[in-house]
Amino acid sequence: METTGISSSNDLLGEQLTTALADPATGHGLARTLRAALREVELSRYHRATQRAFPDSPDEQPTKIQIGGGSHQLDGFFNIDLVPPADFLWDVREGIPLRDGTVELLFNEHFLEHIDYPRSAKGFAREAFRVLAPGGQIITGVPDAAHVLNRYPAAPAETGEMVERWYSKRTCRQDVNTYLDLVNLVFRDQDDDPNYTPHLWAYDFEKLVQLFTEAGFTTVRPWAFDATLANPKREWASVYVVATK
Ligand SMILES: C[S@@+](CC[C@H](N)C(=O)[O-])C[C@H]1O[C@@H](n2cnc3c(N)ncnc32)[C@H](O)[C@@H]1O
């Protein structure tokens, strides 16, 4: 449960980080670390505010859940994300705020690679298993590390196509110069644009099967991309699986 002490120390930390970031004497290396810390302080504020409002879990137990949908909210689903515009602002690294065996379908794409491995990723798979009803399913999509690794070293035309598809709208576009930069981005997705959170682990089909099997799922199979559910821009170079409890 939230205490005033935690929230005021978070507020104080947030103010100190903001002050340090505004100081011209703060060098680039320190500033990057402080920005990451400030982001965690802000996320923690959302998470704790929700925890205060719903100390147990949401009143109604939704049966279809999307996690980490960002702006791609799904109608008919209960959308959980760290930040707005989700239905429920929650940090899934702290668990899934739903009761055991109540969920029929849990959907997530381009989310898993943003949480740390093994603690949070394995915790997420275990939590998904816990909240799903028997026979319930989790559909997971991630950037396919095999897609980018299998093409190394790629011809310049192929590099150019991938850069345009993935990074044309990113501030880092001009710094993606060779195929190895693409490989780096799949594994790290790290630039200094505060709108983008890094990739903390890379996945392929085999790793997804292992992750969900270890969490107790009976079957883990490829999922045929369905744009009525998934974000259409994720079809290219992603890998999706459906795991059944
Ligand atoms: C790259 S975006 C993907 C958005 C959407 N699924 C799509 O494919 O367009 C990753 C999303 O995961 C959310 N996310 C990252 N870590 C999270 C966490 N610990 N708990 C809940 N959501 C998280 C982010 O806020 C963001 O909306």
Side-chain angles (χ1 to χ4, degrees), residues 32 36 66-72 74 81-82 92-93 106-122 124-125 128 137-215 217 219-244:
R32 290 188 72 190
Q66 175 176 227
I67 288 178
S71 56
H72 189 251
L74 287 174
D81 200 299
L82 281 172
V92 170
R93 291 172 298 184
L106 208 161
F107 182 79
N108 69 103
E109 61 185 338
H110 285 241
F111 148 76
L112 184 63
E113 71 277 13
H114 292 273
I115 59 175
D116 54 285
Y117 177 92
R119 190 250 185 215
S120 298
K122 290 195 170 190
F124 171 65
Q137 295 189 312
I138 175 170
I139 297 168
T140 302
V142 283
D144 188 3
H147 182 98
V148 74
L149 292 176
N150 287 341
R151 285 160 179 78
Y152 180 84
E158 195 168 7
T159 304
E161 186 198 355
M162 287 177 79
V163 171
E164 285 315 310
R165 280 180 183 264
W166 275 343
Y167 299 106
S168 58
K169 296 192 181 130
R170 292 277 296 269
T171 51
C172 65
R173 165 69 189 84
Q174 67 194 24
D175 303 316
V176 190
N177 309 124
T178 71
Y179 194 81
L180 194 60
D181 293 329
L182 282 168
V183 176
N184 267 296
L185 280 162
V186 166
F187 282 82
R188 307 169 201 271
D189 205 356
Q190 177 71 68
D191 57 24
D192 282 334
D193 181 340
N195 292 320
Y196 291 93
T197 51
H199 288 178
L200 298 182
W201 205 252
Y203 296 86
D204 60 6
F205 178 72
E206 183 189 11
K207 182 62 206 172
L208 291 175
V209 171
Q210 186 279 323
L211 185 77
F212 289 109
T213 304
E214 182 182 295
F217 286 87
T219 61
V220 188
R221 301 197 197 290
W223 182 68
F225 191 89
D226 174 359
T228 59
L229 202 56
N231 186 342
K233 77 176 184 188
R234 302 299 186 195
E235 182 165 13
W236 195 75
S238 297
V239 54
Y240 286 79
V241 297
V242 53
T244 305

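Residue numbers count from 1 along this sequence. Here the structure is a predicted model, which is why all the values come from computation and not from measurement.
Residues L149 and D204 fail the side-chain proximity criterion, which asks for heavy atoms closer than 4.5 Å. The side-chain heavy atoms of E158 and L182, taken from C-beta on, include no pair separated by under 4.5 Å. Contact check for L229 versus W223: side-chain heavy atoms found under the 4.5 Å cut-off. Side-chain contact between E164 and R173 is present, with heavy atoms from C-beta onward closer than 4.5 Å.
Taking CG of D144 as the reference point, atom CG of N150 lies at 8.0 Å (rounded to 0.5 Å). The structure places OG1 of T159 at 11.0 Å from CG of N177, a figure rounded to the nearest 0.5 Å. R170 contributes atom CZ, which lies 6.5 Å from atom CG of L185 (distance to the nearest 0.5 angstrom). Distance check, rounded to the nearest 0.5 Å: CH2 of W201 to CG of L112 gives 11.5 Å. Note that CZ of F212 and CD1 of I138 are 4.0 Å apart. Values are rounded to the nearest 0.5 Å. Atoms CG and CD, on L106 and Q66 in that order, are 9.5 Å from each other to the nearest 0.5 Å.
When every heavy atom of H110 is checked against every heavy atom of S238, the shortest pair comes out as NE2-OG, 2.8 Å. Heavy-atom minimum distance, F217 versus A128: CZ-C, 4.1 Å. Residue N231 comes nearest to H72 through the heavy atom pair N-CE1, 3.3 Å, listed as atom of the first residue, atom of the second, then distance. Here the closest non-hydrogen pair linking F187 and A202 is CE2-CB, 3.3 Å. Taking each heavy atom of R221 and F205 in turn, the nearest pair found is C-CE1, 4.2 Å. Here the closest non-hydrogen pair linking D175 and D181 is O-OD2, 3.5 Å.
For the side chain to side chain contact (heavy atoms under 4.5 Å, CB included) with F111, the qualifying choice from D81, V142, I67, T140 is I67, the only one to do so.
With sequence neighbours left out, H114 forms a ring-ring contact (aromatic ring centres under 6.0 Å, His included) with H199. For Y203, there are no side chain to side chain donor-acceptor pair (under 3.5 Å) partners two or more places apart in sequence or in a different chain.
Within the 3.5 Å criterion, the main-chain N or O of I139 finds a donor-acceptor partner in the side chain of N108. In this structure a side-chain-to-backbone donor-acceptor pair under 3.5 Å is present from R119 to R93.
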Next item on the list: Please lay out, stage by stage, how V239 and K207 fare under the test side chain to side chain contact (heavy atoms under 4.5 Å, CB included).
Entry: CA-CA 11 Å; V239 54; K207 182 62 206 172; over 6 Å; no

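Residue pairs meeting the ring pair (Phe, Tyr, Trp, His ring centres under 6.0 Å) criterion with at least one partner in residues 140-179, sequence neighbours excluded, are H147-W236, W166-W236.
A donor-acceptor contact under 3.5 angstrom links the side chains of Q210 and E214, judged on distance only.
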